[in-house]
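In what follows, a structure is listed as structure tokens, so that the remarks can point back to it.
Note that the structure is a prediction, hence the values are computed from the model and not measured.
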Amino acid sequence: MNTATRIAFVSEHASPVALLGGTDAGGQNVYVDEVCRHLAARGYLVDVFTRRDSPDVPEVIEWAPGVRVVNVTAGPLAYRTKDALWPYMSTFRDACLRFMEHHELQYDLLHSNFWMSGWVATELGRNLNIPVTHIFHALGMTKRRHQGGADTSPPSRIAVEMQVARDADRLIAPCPSEQRELVSDYRAQPAKISLIPLAVNTKIFQPVPRVVARQQLGLSDEDFVIVYVGRVLPRKDIRNIVRALALLLRRGAASPLCSDIRLLVVGGECSQPDPLVTPEIGELQRLAAGLGVAEQVQCFGNRQQDSLRYFYSAGDVVVTTPWYEPFGLTPLEGMACGRPVIGSAVGGIAYTIVDDETGFLVPARTPEALTERLYQLLQHPELGTRMGRAARQRVLREFTWPLVAARTSELYEELLAEQALHSALFNVYRSPVVDAPSAGGGE
């Protein structure tokens, strides 16, 4: 690989600089941050183009060795939800191009994230005559199928996604279900789709001895602890976990192996579990009170990545049962911390969890099925220990960021080789043709 290969990442709403856990700040931010850092470690130069959402943010941030974040002005210098950004994308495209021209930057390839950046990148790709690799992170058709009227995406989203799926030179699918949806729903060419799963930072997310983790959080070592970590939104269906907790307690699951059963909910729009700031926390508290399990449910608010391993490691089991999830990084985080994970069999969760080996898969919106699996782990703690070890090993084999960067690099080099060959052939065919001498010969 040419060590001067320069990549322009386009990620209109998800900057690697943003704090995680709030509105529109989650897995895509992690992906952009980790992939860029690890690509730079492989010798690439990476600029991340994202929308400037504050007058206090500098235009360029030297983010990591070989990685810069370019904050482009497009629309108000204020936070806007991602679903409100589509009207500014033409301005965003033009501002990216002006920055490139002003600084005389020549990129070899564009890598776009989410549907709006996909549109920007394909527009830039045509202008600059460079290839585009795109990852959607979530698909509009799938979201509309699952969320219906709750989907706040702009009406033009699906049509734009169809265009991006057609015009991008390569598409990255993080799991087999999205790979299938790209072909069946978006008529994408199978040959240009690469399956490259997302990953987890195994240095940040690693097992902590349970007694140490519980001491850190002030938890009893005798309790059976269920942990949820992630966004606190209706589609994450934490209510399903609360209902399963109530069923578990009513079943008389008090075991001689534990003194109580607890659910830790880690997430929200701020560091305190404030129902005014995060309305779903209020819904969970009301539901828990109505089911008589309020004392067993503890909400912690949002936490940054470097402290999450203590929450995962304090648990006997990690649970995440959304009814819609494009991929889901938190199951991998729990697995990396050596804990069994129970997840709903949707999206990427059905791919990352190996049922009966690293945890359990259960139907979404079915608290009874979740209760059965929780009861199984409650009664057989050695099963959870064995699954947790298998979970950690699966992550180390299949879901690390260096592996994602290596696979992405292979995709880039294949695409750039095709581009070089195409350019060479184009130059051959456009060369002037020299007529052969006539049969009669010359003088």
Side-chain angles (χ1 to χ4, degrees), residues 26-27 136-153 173-181 184-185 197-198 226-248 250-251 263-268 278-281 283-284 286-288 290-291 293 297 312 315 317-335 339-378 387 391:
F136 280 103
H137 291 282
L139 292 171
M141 284 195 197
T142 307
K143 185 177 182 182
R144 184 171 296 177
R145 261 198 304 271
H146 288 280
Q147 293 197 289
D151 181 9
T152 57
S153 301
C175 58
S177 63
E178 184 167 314
Q179 190 175 29
R180 292 190 296 269
E181 288 161 354
S184 61
D185 292 343
L198 306 189
I226 305 162
V227 177
Y228 169 85
V229 176
R231 304 279 295 283
V232 182
L233 299 168
R235 74 172 175 88
K236 297 293 187 177
D237 207 6
I238 311 167
R239 302 179 205 183
N240 185 62
I241 309 174
V242 174
R243 292 187 178 101
L245 170 65
L247 290 173
L248 190 62
R250 283 207 297 270
R251 183 171 177 169
L263 168 61
L264 312 185
V265 178
V266 186
T278 309
E280 185 62 14
I281 288 179
E283 295 295 330
L284 294 174
R286 284 187 286 274
L287 176 62
L291 293 172
V293 296
V297 178
Y312 286 120
V317 58
V318 176
V319 178
T320 178
T321 57
W323 36 266
Y324 163 62
E325 184 64 75
F327 184 80
L329 287 179
T330 57
L332 287 180
E333 292 171 357
M335 291 166 64
R339 292 299 179 263
V341 180
I342 303 177
S344 49
V346 300
I349 298 175
Y351 174 57
T352 53
I353 296 174
V354 179
D355 193 31
D356 283 326
E357 181 180 323
T358 67
F360 295 114
L361 292 170
V362 295
R365 291 171 162 158
T366 312
E368 297 81 6
L370 175 57
T371 302
E372 287 297 323
R373 292 309 194 183
L374 289 171
Y375 185 78
Q376 189 173 350
L377 291 173
L378 175 65
M387 285 182 161

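Under the side chain to side chain contact (heavy atoms under 4.5 Å, CB included) criterion, Ser177 pairs with Cys175, Arg180, not counting sequence neighbours.
Glu181 places none of its side-chain heavy atoms less than 4.5 Å from the side chain of Met141. A heavy-atom distance below 4.5 Å is not found between the side chains of Pro326 and His137. Side-chain contact between Arg243 and Leu287: present, with at least one pair of heavy atoms (C-beta onward) separated by less than 4.5 Å. Side-chain contact between Thr358 and Val341 is absent, with no heavy atoms from C-beta onward closer than 4.5 Å. Within the 4.5 Å cutoff, the side chain of Arg373 has heavy atoms near those of the Asp356 side chain. Side-chain contact between Asp237 and Tyr324 is absent, with no heavy-atom pair separated by less than 4.5 Å. Within the 4.5 Å cutoff, no side-chain heavy atoms of Val229 are placed close to those of Val318. At a threshold of 4.5 Å between non-hydrogen side-chain atoms, the residues Asp355 and Phe360 count as touching.
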Decide side chain to side chain contact (heavy atoms under 4.5 Å, CB included) for Thr330 and Glu333; before the verdict, give the C-alpha distance in whole Å, the side-chain angles of both, and the deciding distance to 0.1 Å. CA-CA 5 Å; Thr330 57; Glu333 292 171 357; 3.8 Å; yes
Given the rule in the side chain to side chain contact (heavy atoms under 4.5 Å, CB included) test, do Glu325 and Lys236 qualify, once you have shown the distances and angles that lead to the verdict? CA-CA 8 Å; Glu325 184 64 75; Lys236 297 293 187 177; 2.5 Å; yes
Applying side chain to side chain contact (heavy atoms under 4.5 Å, CB included) to Val317 and Arg339, what does each step give before you reach the verdict? CA-CA 6 Å; Val317 58; Arg339 292 299 179 263; over 6 Å; no
Between Tyr228 and Thr321, does the side chain to side chain contact (heavy atoms under 4.5 Å, CB included) criterion hold? Intermediate values first, please. CA-CA 9 Å; Tyr228 169 85; Thr321 57; over 6 Å; no
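Counting all heavy atoms, side chain and backbone alike, Val232 lies closest to Gly268 at CG2-N, 3.6 Å. Asn240 and Thr366 get closest at one heavy-atom pair: OD1-N, 3.4 Å. Minimum heavy-atom separation, Ile349 to Pro331: CG1-CG, 4.1 Å. Listed here is the closest heavy atom pair of Met387 and Pro340: CB-CB, 3.8 Å. Taking each heavy atom of Pro197 and Tyr351 in turn, the nearest pair found is CG-OH, 3.5 Å.
The closest donor-acceptor contact from the side chain of Ser344 to the backbone of Trp323 lies at 3.5 Å or more, if one exists at all.
In this structure, CD1 in Ile353 is found 6.5 Å from CE in Met335, a value given to the nearest 0.5 Å. With values rounded to the nearest 0.5 angstrom, Thr142 atom OG1 is found 7.5 Å from Glu178 atom CD. In this structure, the separation between CG on Leu264 and CD1 on Ile241 is 11.0 Å, given to the nearest 0.5 Å.
Between Arg145 and Asp185, at least one side-chain nitrogen of the basic residue sits less than 4.0 Å from a carboxylate oxygen of the acidic one, meeting the salt-bridge criterion. Of the charged side-chain nitrogens involved, none lies within less than 4.0 Å of a carboxylate oxygen, so that Arg251 and Glu368 do not count as a salt-bridged pair.
Of the listed residues (Leu248, Val227, Val297), just one forms a side-chain contact (heavy atoms from CB on, under 4.5 Å) with Leu263, and that residue is Val297.
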